[in-house]
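On a predicted model such as this, the values are computed, not experimentally measured, just so you know.
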2 protein chains.
Amino acid sequence: MLTDRQLLILQVIIDDFILTAQPVGSRSISKKDEITHSSATIRNEMADLEELGFLEKTHSSSGRVPSEKGYRFYVDHLLSPLRLSNQELTTIRQAFKDRMMEFERVVQKSAGILSELTNYTSIILGPEIFETKLKQLQIVPLNDQSAIAILVTDTGHVEHRAFNIPVEIDHSQLEKMVNILNDRLRGVPLVKLYEKLQTEIYDLIEIHTDQHEHAYSYLQAALLDEHQTKLYIGGKTNILMQPEFKDLDKVRSLYAIIEKENEMADLLRSDEQGVHVRIGHENPFDAMQNCSLITARYTLGNEQAGTIALLGPTRMEYNRVISLINVLSKQMTETFRGWY
Amino acid sequence: MLTDRQLLILQVIIDDFILTAQPVGSRSISKKDEITHSSATIRNEMADLEELGFLEKTHSSSGRVPSEKGYRFYVDHLLSPLRLSNQELTTIRQAFKDRMMEFERVVQKSAGILSELTNYTSIILGPEIFETKLKQLQIVPLNDQSAIAILVTDTGHVEHRAFNIPVEIDHSQLEKMVNILNDRLRGVPLVKLYEKLQTEIYDLIEIHTDQHEHAYSYLQAALLDEHQTKLYIGGKTNILMQPEFKDLDKVRSLYAIIEKENEMADLLRSDEQGVHVRIGHENPFDAMQNCSLITARYTLGNEQAGTIALLGPTRMEYNRVISLINVLSKQMTETFRGWY
DNA sequence: TGTTAGCACTCTAATAAAGTGAGTGCTAAA
DNA sequence: TTTAGCACTCACTTTATTAGAGTGCTAACA
């Protein structure tokens with residue numbers, strides 16, 4: 001167990017390093033107001049903290065740098081909840097004030113705010129689209145050959161896809177089919193759409209239109225979009241401003257990861273309620289081992305949920321960032337609650 | 001006027017520099033197969049070419065580097081049309097083979113291909129949306145308080161916006177209004193929508209619904225999206241791979257420009273038909289003075305057009321890039337022609 | 001027994017000095 | 001007109017030197 005003095009020193013060292021990105025020496029610590037002891041005493045304590053694995057040296061005569069274990073301890077035990085500044089709060093309030101009604105906008109804006117306020121990169125995972133249910137299907141003919149299928153879900157999400165109209169099918173038949181589909185598919189989760197189409201709808205179409213084979217295959221093509229859960233990214237270039245990423249290779253490999261939407265989505269999906277912090281090697285990807293990832297879930301009033309995350313160097317302003325992400329995820333949840 | 005030998009030497013020097021990014025010395029040129037003269041002769045010619053402003057030195061005893069004037073001359077007079085490799089052609093063909101029907105997809109994919117094949121950053125300006133005409137307006141009620149307005153244009157572009165339904169208006173009234181709007185607004189260019197709403201529609205609504213004031217203001221909010229012309233960017237991080245951008249400050253300032261959508265859009269909008277090359281200071285922005293921008297217009301069958309562009313260092317593979325962008329813009333035009 | 005002053009020691013980072021090599025310009029001869 | 005030859009330039013690399021920040025250890029002190 002650490003003594004109070006050790007706790008204090010560890011905290012001051014990590015705070016300092018987070019601010020300056022420079023290894024922290026005993027003398028600079030001893031000069032701080034909250035520290036009353038001499039540099040020699042600090043040196044002794046630092047040696048102990050290093051032995052315990054909370055601090056590291058970059059070389060034998062350098063100052064100390066927090067280890068991952070140090071950060072972990074800092075996050076778990078040394079973080080005093082921070083009141084956000086007025087400026088930060090108003091930025092958030094302001095953004096949510098003008099009643100945005102689209103989910104996408106809210107999320108995009110949130111990602112923007114988050115990266116702007118923190119100078120890190122924000123990543124927001126949209127809610128699992130495939131769980132949303134079909135509200136309405138519309139087909140808008142553009143001309144004789146093509147039409148647009150528009151799909152509205154109960155969350156107000158809109159997907160659309162253009163497709164060719166087979167020449168054998170005229171407008172009245174198309175309309176008939178759309179009516180059938182709306183009758184039968186309303187309320188069906190998107191993920192079940194295909195299945196339902198296979199089992200129930202085929203027969204119905206067969207009865208009502210003569211060109212059923214043809215119509216069916218075109219319908220399939222029109223409806224079977226990927227329904228992929230979307231990733232919203234803000235401040236991707238903020239990574240470049242962090243001194244730990246002055247090496248371009250690191251930047252590149254980190255970008256490579258971020259761009260792998262599926263893997264990022266899986267990573268973000270995994271967490272439970274509340275704010276979570278993944279430090280360095282706690283992240284699964286090699287390129288993220290100098291990074292920390294802060295995540296929080298938000299919900300959409302119904303059972304659906306998404307994740308809001310912030311990616312930065314392990315030397316991260318945990319205090320502020322955690323408060324921010326906490327406030328923002330709650331604000332998002334709050335905003336969405338009214339909708340559904 | 002330049003002699004044939006000077007032309008040859010200039011070409012060889014620029015070709016070499018584009019390949020290696022290193023200042024080119026007289027000896028390395030004299031060793032090339034196509035050059036039969038000694039390094040001393042080359043040196044004399046190089047001195048002349050420098051005096052004429054086509055070449056520069058980085059310092060008094062360095063090899064030569066093309067000046068902007070040199071690149072300009074190279075692009076205007078020394079470029080032999082290049083046959084694209086089979087690999088490049090198949091990449092493009094492949095991408096356009098699976099019949100994508102949405103404009104957005106085609107453009108997004110094109111941006112991807114272009115940046116992938118060139119390792120530069122591709123920027124595609126969508127067609128001027130506000131010139132497209134309204135095809136159909138739909139309103140899908142989500143629940144008692146909210147609905148989604150969906151707007152389909154004649155080009156198959158879909159925009160949607162959620163809005164609150166005023167409590168005073170019930171579904172049948174809403175439906176009536178939508179019918180009126182569709183009758184009156186079909187075929188109206190998006191840019192005129194607002195105007196038309198002001199002048200013609202207001203009276204109509206007044207006649208048909210009792211809650212016209214209320215309904216009207218909500219309609220306005222629902223319909224008046226920004227209709228902004230979109231910018232599609234591919235391979236933004238490719239900039240990092242160019243040796244001329246190992247200085248992060250340059251990268252940052254370039255990113256800053258690219259992210260200013262409006263200014264980029266204006267820049268891309270300006271060009272006429274055909275492939276255009278802007279070298280270094282021919283670009284308006286400070287951050288782009290080490291860059292060249294290659295642009296070409298594509299059209300949508302009707303009168304509408306957009307721009308496809310490629311941004312890289314002035315030391316650019318002009319030959320290949322120009323061919324590529326040429327082929328791709330034609331392919332896009334070709335693809336769209338069938339649609340409208 | 002905990003704290004601290006003092007000192008030798010270590011290692012980085014900055015600066016200076018010396019050497020290397022690619023490249024140039026000029027001259028004179030072919 | 002071309003080219004061989006040579007002196008010269010300048011960036012880049014290597015090596016040395018120094019300054020400074022920091023450590024660990026010891027011995028004295030409260």
Could you give the [atom1]-to-[atom2] distance, from [X] to [N], as a whole number of Å?
X       : N      : atom1 : atom2 : answer
B:Arg64 : D:dA11 : CZ    : C1'   : 16 Å
A:Glu56 : D:dG22 : CD    : C1'   : 17 Å
A:Arg27 : D:dG20 : CZ    : P     : 13 Å
B:Gln6  : D:dT2  : CD    : P     : 11 Å

Would you tell me whether [X] and [Y] have side-chain atoms, one donor and one acceptor, within less than 3.5 Å of each other?
X        : Y        : result
A:Arg27  : A:Ser39  : no
B:Ser292 : B:Tyr318 : yes
B:Thr91  : B:Glu88  : no

| Looking at DNA chain D, which of residues 34-49 of chain A put a heavy atom within less than 4.0 Å of it? | A:Arg43, A:Met46
| query | Who passes salt bridge (charged side-chain N to carboxylate O under 4.0 Å, His left out) against B:Arg278, sequence neighbours left out? | reply | B:Asp271
| query | Any ion pair linking A:Glu56 and A:Arg64 (charged N to carboxylate O, less than 4.0 Å)? | reply | no
| task | Please check if atom CD in A:Glu51 has more than 12 non-hydrogen atoms from other residues, nucleotides or ligands closer than 6.0 Å. | result | no
| For B:Asp247, does the CG atom sit with more than 12 other heavy atoms under 6.0 Å from it, leaving out its own atoms? | yes
| task | Please work out if B:Thr58 contacts a base, only the sugar-phosphate, or nothing of the nucleic acid, heavy-atom cut-off 4.0 Å. | result | nothing
| query | Once you round to the nearest 0.5 Å, how far does CD1 of A:Ile13 lie from OH of A:Tyr74? | reply | 12.0 Å
| Earliest and latest nucleotide of DNA chain C, 5' to 3', sitting under 4.0 Å from a non-hydrogen atom of chain A? | C:dT3 to C:dT12
